[in-house]
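Structure record follows, encoded as structure tokens.
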Protein chains: 2
Amino acid sequence: MDKYESLKLENQLCFPLYAAARSIMKEYNAPLGALDLTYTQYIVMLVLWEHERITSKQLCTLLYLDSGTLTPVLKALEKKGLLKKARSKEDERLLICTLTDAGRALKEKALAVPPAVGQCVNLSAEEARTLYKLLYKIL
Amino acid sequence: MDKYESLKLENQLCFPLYAAARSIMKEYNAPLGALDLTYTQYIVMLVLWEHERITSKQLCTLLYLDSGTLTPVLKALEKKGLLKKARSKEDERLLICTLTDAGRALKEKALAVPPAVGQCVNLSAEEARTLYKLLYKIL
DNA sequence: GATAATTAAATTGAGTACAATTAAATTGTA
DNA sequence: TACAATTTAATTGTACTCAATTTAATTATC
């Protein structure tokens, strides 16, 4: 038995997680290019399409991102006219992001994204469900 | 049935993959800090500890990274004295990375990393194995 | 009510990550 | 042998990602 067995790349769990995440994210490039969005911008829009109005803090929590990452992403989305930023009247510390009409309109185009990506992942529906559950167990 | 069901964050497979990968990578910060390595530098060292000598091209293939990512990482590891870079005599295009004595010595310290991280992932051995298989099916 | 502690964003700095391009070396082919 | 095509690294430019710090607003405590 090799003393260093635990240091072999093939025995790492984090590595395939990291590699698979990047691999699938790359599959989003083509469909998201049609919407002029990056992957990170896309998941912010997913949340906005569900909530219309949400604080930066809540976005951070939902997306497991910190303000250092989110601040420039929100800035870019505002520049594209997809959302508007405003301070809360009740608590001036809070930044509230609101979906604009242009942002809402983009939702229609986005319907093409999941089908385009789904075909690239060669897992059965059953396997995808299992993977999904295990990942949320980690989170 | 909601027309936009496929755009809900909870119905994405890539998102938990992306979030879980980053979440586990963060758990490496503390143990890797003791080795003065980043996660990316660590996985390069994992390969070097297995191979001693390897080309940049092979590293790219094994780690699913491209030269734009790897070049600065190899430069940093060389600066730390953990590896040496040299051009192949047979084919001057190839960059060969060789483990140094200091790099080899670091392997002992690295034995502490997997146990430190393993405790943070709350999956059973069985679940981890299932996850592992599904991830490699994607890759 | 003044002040300490906490909270939310923004900023800074280091390190990826990757598409696209460039430069140099090698290989294939007429 | 010339020369086109391919291959490998490095470079460039854009965009994350996060730790640590800063700033401003709010809450808790005296």
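Letters go in sequence order (proteins before strands), and every chain restarts at 1.
- Dashed line: the shortest gap from a side-chain N or O of B:Asn29 to OP1 or OP2 of D:dA19 is under 4.0 Å.
- B:Leu94 and B:Leu70 fall into different hydrophobic clusters, where Ile, Leu, Val, Met, Phe, Trp and Tyr are joined by side-chain heavy atoms under 4.5 Å apart, directly or via other members.
- A 3.5 Å limit on both hydrogen-bonding distances identifies D:dT1 as the Watson-Crick or G-U partner of C:dA30.
- In the set D:dT17, C:dA17, C:dT6, C:dT6 carries the atom at the smallest distance from any side-chain atom of A:Arg93.
- The nearest heavy atom of DNA chain D to A:Glu92 and to B:Arg87 marks one nucleotide each, and the one closer to the 5' end goes with B:Arg87.
- Here the side chain of A:Lys26 is nearest to one of D:dC16, C:dA19, C:dA9, namely C:dA19.
- Residues A:Gln58 and A:Val47 are not in side-chain contact: their nearest non-hydrogen atoms beyond the backbone lie 4.5 Å or more apart.
- B:Arg22 contributes no side-chain N or O that forms a donor-acceptor pair with the base of D:dT17 under 3.5 Å.
- The phosphate of D:dA15 (OP1 or OP2) has no side-chain N or O of A:Thr38 nearer than 4.0 angstrom.
- For C:dA8, its base never sits under 3.5 Å from the side chain of A:Ser56 at any donor and acceptor pair.
- Taking CG from A:Leu7 and CD from A:Gln12, the interatomic distance works out to 7.0 Å, rounded to the nearest 0.5 Å.
- Of all nucleotides listed (C:dT26, C:dC18, C:dA9), C:dA9 comes nearest to the side chain of A:Leu94.
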